[in-house]
Asker: 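Would you mind keeping the following structure in view while I ask a few things?
Residue numbers count from 1 along this sequence. As a basis for the values below, the full set of heavy atoms in this structure was taken, side chains included, without hydrogen atoms, waters or symmetry mates. Atoms within each ligand, like the ligands themselves, are counted from 1 in listed order.
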Amino acid sequence: MTNKIRKAVFPAAGHGTRFLPATKASPKEMMPVVDKPLIQYSFEEAVESGIESILIITGRDKGPIVNHFDISYELERMLDDRGKVDLFKKVRAISQMARVCYTRQQLAKGLGHAIYQAKDFSENEPFAVLLADDMVHAEVPAIKQMMDVYEKYEAPVIATMQVEGENISRFGVIDAEEVEEGVYKIKDMVEKPSFEDAPSDLAIIGRYILTPDIFPAIERTEEGAGGEIQITDAMRLLLREGKPFYALKLDGKRYDAGDKLGFLIATVEFALEREDLGESFKEYLKSLDL
Ligand code: G1P
């Protein structure tokens, strides 16, 4: 089995109910953070990490995602005709970043079920999974950090971070032992435990490097939290059968753009980082009488 991670999977079939009515007729993955759709941030993270081939798992009404990563011939022609060279390049680059293919998750049966749709795409290779809702701002792209751990330990890697208090029950949670700074060997994991039952304060965040043995494990996974087929439960099956799993505390900052407040925070912080907007936006924020 090749050790190099060349493929990435983006589950994007969710209904985005937390953002209704904005998501009534357009995918949440296309909501702009400053001026780029949410999904483009993690897409770029994958490409910067060396990913060559991407599978986006879509569902009904996700057409705008497909259009976004395709060539937009008329738009490019118009920009070219008008001499808008920078915009032309920016638009063209989006369709050239990676080979992209799509499949549809016909039923919303959970993250494990979504990832199962990548079985043929993986062609028996290890692959990355990125949940676009989790944005990670980092010097070294998050999934690249995880690839390095995967290469060293030759085992699947999931991203983790510390979560204080009751919020932990919104995540998958690991029980783990630190084997080197920021790297943990996982002993157990549980999807969305109650605060009392959480085995630690280490939450799973939406970046995974998985091996193809996850697919038969998903087939054997029963409905779990929320009545859904959970990827955490499929990984746990393998773990209990002796397969090692590791977790990496990412070097960087994670934003939960799947949540309204998190989305606003991401928007503000990404805007402040921008060369073209940062200074004037900061002046504006300072002028607010809070
Ligand atoms: C998913 C995973 C969960 C993880 C979370 C990270 O949950 O099932 O283990 O902690 O992503 O964002 P979701 O947020 O899709 O319910």
Side-chain angles (χ1 to χ4, degrees), residues 8-19 23 27-29 31 38-39 41-42 45 56-59 105 107-118 128-138 142-143 146 156-176 184 186 188-195 197-210 214 217-218 221-239 245-250 252-263 265-266:
V9 175
F10 283 70
H15 294 303
T17 41
R18 280 191 281 180
F19 281 96
T23 50
K28 76 166 171 189
E29 293 80 8
M31 297 208 315
L38 176 56
I39 191 170
Y41 287 87
S42 38
E45 175 194 320
I56 302 184
I57 297 165
T58 65
Q105 183 188 10
L107 300 167
K109 282 169 67 178
L111 183 57
H113 180 258
I115 292 172
Y116 188 72
Q117 313 305 312
V129 177
L130 294 92
L131 307 187
D133 280 359
D134 283 325
M135 300 175 73
V136 187
H137 187 58
I143 208 76
M146 295 169 68
V157 184
I158 60 190
T160 187
M161 69 171 195
Q162 252 153 335
V163 168
E164 306 284 330
E166 309 237 341
N167 270 340
I168 193 76
S169 58
R170 292 167 47 190
F171 296 85
V173 183
I174 60 172
D175 180 15
Y184 300 80
I186 300 178
D188 198 5
M189 57 179 106
V190 45
E191 181 66 14
K192 305 208 171 75
S194 64
F195 173 56
D197 291 339
S200 76
D201 60 356
L202 291 172
I204 298 173
I205 63 172
R207 297 288 183 279
Y208 307 76
I209 291 185
L210 298 173
I214 197 68
I218 297 172
T221 301
E222 290 174 7
E223 288 176 5
E228 297 185 336
I229 307 289
Q230 298 291 351
I231 194 65
T232 307
D233 293 340
M235 294 190 294
R236 185 191 215 190
L237 262 179
L238 291 176
L239 187 68
F245 276 81
Y246 288 82
L248 173 68
K249 208 187 267 179
L250 295 173
K253 182 163 180 189
R254 177 254 185 192
Y255 299 87
D256 180 8
D259 168 80
K260 274 177 226 175
L261 182 59
F263 187 86
I265 293 170

Asker: Only heavy atoms count here, so choose which of Arg18, Lys192, Arg170, Met161 is nearest to atom 13 (P) of ligand 1.
Answerer: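 The nearest heavy atom belongs to Lys192.
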Asker: In ligand 1, which numbered atoms sit nearer than 4.0 Å to a non-hydrogen atom of Arg254?
Answerer: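 That gives atoms 12 (O) of ligand 1.
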Asker: Can you check whether Gly206 has an N/O within less than 3.5 Å of an N/O in ligand 1?
Answerer: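 Min N/O separation from ligand 1 is not below 3.5 Å for Gly206.
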Asker: Among all protein heavy atoms, pick the one closest to atom 8 (O) of ligand 1 and tell me residue, atom and distance.
Answerer: Glu191 OE2, 2.7 Å
Asker: Should you measure from each heavy atom of Gly172, which atoms of ligand 1 turn up under 4.0 Å away?
Answerer: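 It comes down to these atoms of ligand 1: 3 (C), 4 (C), 9 (O), 10 (O).
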Asker: Closer than 4.0 Å and a protein heavy atom, does any atom meet both conditions relative to atom 15 (O) of ligand 1?
Answerer: no
Asker: Show me which atoms of ligand 1 lie under 4.0 Å from any heavy atom of Asp134.
Answerer: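 Ligand 1 atoms under the 4.0 Å threshold to Asp134: 6 (C), 12 (O).
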Asker: In terms of atom number and element, which parts of ligand 1 are under 4.0 angstrom from non-hydrogen atoms of Gln230?
Answerer: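 Selected atoms, number and element: 8 (O).
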Asker: Kindly indicate whether the side chain of Asp197, heavy atoms from C-beta on, has any atom under 4.5 Å from the side chain of Val173.
Answerer: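 A side-chain contact under 4.5 Å is absent here.
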Asker: Determine yes or no for a side-chain-to-main-chain donor-acceptor pair under 3.5 angstrom, with Arg254 supplying the side chain and Gly206 the backbone.
Answerer: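 The answer is no, because no donor-acceptor pair under 3.5 Å joins these two groups.
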Asker: Would you check if the side chain of Gln105 reaches a backbone N or O of Gln117 as a donor-acceptor pair within less than 3.5 Å?
Answerer: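 Side chain of Gln105 to backbone of Gln117: no pair is present.
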Asker: Short list, please: which atoms of ligand 1 are under 4.0 Å from a heavy atom of Tyr208?
Answerer: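 Those of ligand 1 that fall under 4.0 Å from Tyr208 are 2 (C).
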Asker: Enter the distance from Ile265:CD1 to Asp256:CG here, rounded to the nearest 0.5 Å.
Answerer: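 Here the interatomic distance stands at 9.0 Å.
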Asker: Note the single closest protein heavy atom to atom 4 (C) of ligand 1, along with its residue, its atom name and the distance in Å.
Answerer: Ile204 O, 3.3 Å
Asker: When you measure from the side chain of Ser200 to the backbone of Ile174, do you find a donor-acceptor pair of N or O atoms at a distance under 3.5 Å?
Answerer: yes
Asker: If we only count N/O pairs under 3.5 Å, is Leu131 in contact with ligand 1?
Answerer: no
Asker: Just verifying a value: how many Å separate Met189 CE and Leu202 CG, rounded to the nearest 0.5 Å?
Answerer: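 Rounded to the nearest 0.5 Å, the CE-CG separation comes out at 12.5 Å.
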Asker: Near Thr232, which atoms of ligand 1 are under 4.0 Å from a heavy atom of that residue?
Answerer: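 Reading through ligand 1 atom by atom, the close ones are 9 (O).
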Asker: Quick check for you: to the nearest 0.5 Å, what is the distance between Phe19 atom CZ and Leu38 atom CG?
Answerer: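 Those atoms lie 8.0 Å apart.
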Asker: At less than 4.0 angstrom from any non-hydrogen atom of Phe171, what atoms of ligand 1 do you find?
Answerer: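 Reading through ligand 1 atom by atom, the close ones are 10 (O).
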Asker: With a 3.5 Å distance limit and no angle check, can you tell me whether Thr160 reaches the backbone of Leu248 through a side-chain donor-acceptor pair?
Answerer: no
Asker: Is the backbone N or O of Lys192 less than 3.5 Å from a side-chain atom of Arg170, with the two atoms forming a donor-acceptor pair by type?
Answerer: no
